[in-house]
Student: 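After the structure tokens below, expect a handful of questions from me.
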Amino acid sequence: ETGVTQSPTHLIKTRGQQVTLRCSSQSGHNTVSWYQQALGQGPQFIFQYYREEENGRGNFPPRFSGLQFPNYSSELNVNALELDDSALYLCASSLLTSGGQETQYFGPGTRLLVL
Amino acid sequence: DAKTTQPNSMESNEEEPVHLPCNHSTISGTDYIHWYRQLPSQGPEYVIHGLTSNVNNRMASLAIAEDRKSSTLILHRATLRDAAVYYCILRDLMNRDDKIIFGKGTRLHILP
């Protein structure tokens, strides 16, 4: 158990809808990263939040957005859902200090199906 | 693009050692070598990481070549629970903007 939790575990949406996924980070961690994992592929980095601000972004369109809250939990929002957004969405928490980044610990993921 | 190269799949017998190779010929001096694994229907799980010296922990050992252009994850005695996709990843932990870039990893099959 990593102490990272995600909700919901599964979700079905239709094309054009909006979705919000949630992540609670491990105690003591200040950074949350989000990844998209399509079937049969490795996870792809979406973005990272550090102390409530975006700290890096991968090659994803603006309709993928996020938030980090003062307790370091986080949300991933996806607008105007497309069929290709069907995937496992993973969040990972870690500690970022002046000395650099530490190991990322992943949650179990939210499986999103877009019909 | 991933900066590492791994075989797509490997097989091993239960209770035997497993050596999972990884090539990273373009590794920089500040890159740490990380290994994660992903069990079926779960998120990736941290296994081990190292910089230059070989590393051991309760899960595995990491052997790093002297020139650091390759490494090997060693599972000393594979069990059926070790069947997973294993990812070898380079991370510059001193880079505050560092992102994990996953490749496709090696799918490890354990034969009973």
Side-chain angles (χ1 to χ4, degrees), chain A residues 1-7 9-10 21 23-26 29-51 53-60 87-111, chain B residues 1-9 20 22 24 28-51 55 57-60 62 73 81 84-109:
Chain A
E1 292 293 331
T2 62
V4 179
T5 60
Q6 292 186 243
S7 63
T9 55
H10 296 81
L21 310 181
C23 173
S24 291
S25 57
Q26 188 177 116
H29 286 180
N30 56 15
T31 303
V32 174
S33 304
W34 285 91
Y35 296 82
Q36 179 195 66
Q37 186 173 25
L39 207 57
Q41 304 294 317
Q44 300 298 306
F45 175 76
I46 302 175
F47 44 56
Q48 182 181 86
Y49 278 83
Y50 166 66
R51 292 191 172 180
E53 293 198 0
E54 190 176 287
N55 183 47
R57 188 179 182 91
N59 189 25
F60 280 80
L88 180 68
Y89 288 85
L90 297 157
C91 81
S93 78
S94 58
L95 180 64
L96 179 57
T97 69
S98 58
Q101 297 223 13
E102 300 198 1
T103 301
Q104 293 192 7
Y105 294 90
F106 285 79
T110 293
R111 188 161 296 281
Chain B
D1 290 338
K3 297 180 283 186
T4 63
T5 304
Q6 299 176 253
N8 289 333
S9 66
L20 295 162
C22 181
H24 28 79
S28 72
T30 53
D31 280 336
Y32 284 74
I33 302 158
H34 276 69
W35 284 81
Y36 280 80
R37 72 179 185 180
Q38 190 169 18
L39 303 172
S41 302
Q42 296 188 27
E45 172 187 34
Y46 167 77
V47 178
I48 200 166
H49 78 279
L51 184 61
V55 184
N57 67 20
R58 65 174 181 80
M59 290 181 70
L62 176 59
L73 179 70
R81 290 186 69 254
V85 178
Y86 287 77
Y87 297 99
C88 169
I89 297 157
L90 301 183
R91 294 197 63 203
D92 183 352
L93 296 184
M94 299 307 295
N95 180 356
R96 294 176 64 81
D97 294 330
D98 180 68
K99 312 159 188 52
I100 294 183
I101 299 175
F102 287 87
K104 290 191 175 181
T106 296
R107 184 172 296 278
L108 177 63
H109 302 273

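This structure is a prediction, so every number in the text was calculated from the model and none was measured.
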Student: Can you check side-chain contact (heavy atoms from CB on, under 4.5 Å) on Q104(A) and R91(B), steps first, answer last?
Tutor: CA-CA 11 Å; Q104(A) 293 192 7; R91(B) 294 197 63 203; 3.8 Å; yes

Student: Would you sort out whether T103(A) and Y32(B) count as a side-chain contact (heavy atoms from CB on, under 4.5 Å), showing the intermediate values?
Tutor: CA-CA 11 Å; T103(A) 301; Y32(B) 284 74; over 6 Å; no

Student: Of all the residues in residues 33-43 of chain A, which have a heavy atom that comes within less than 4.5 Å of a heavy atom in chain B?
Tutor: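 Contacts with chain B: Y35(A), Q37(A), Q41(A), G42(A), P43(A).
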
Student: Which heavy atom of P44(B) sits nearest a heavy atom of L90(A), and at what distance?
Tutor: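 The answer is CD-CD1, 3.7 Å.
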
Student: Should we count CZ of R107(B) as having more than 12 external heavy atoms under 6.0 Å?
Tutor: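 No, CZ of R107(B) has 12 or fewer neighbouring heavy atoms, counting only those of other groups under 6.0 Å.
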
Student: Would you compute the distance between atom CD of Q44(A) and atom CD1 of I100(B) and round it to the nearest 0.5 angstrom?
Tutor: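 Spacing of CD (Q44(A)) from CD1 (I100(B)) equals 12.0 Å.
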
Student: Less than 4.5 Å to any heavy atom of chain A: does that hold for the side chain of E45(B), its backbone, both, or neither?
Tutor: neither

Student: For Y50(A), is it the side chain, the backbone, both or neither that has a heavy atom under 4.5 Å from a heavy atom of chain B?
Tutor: side chain

Student: Counting only non-hydrogen atoms closer than 4.5 Å, does Q6(A) touch chain B with its backbone (N, CA, C, O), its side chain (CB onward), both, or neither?
Tutor: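 For Q6(A), there is no contact with chain B at all, as no heavy atom is under 4.5 Å.
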
Student: Any side-chain to backbone donor/acceptor pair from Y36(B) onto F106(A)? Under 3.5 Å, distance only.
Tutor: no

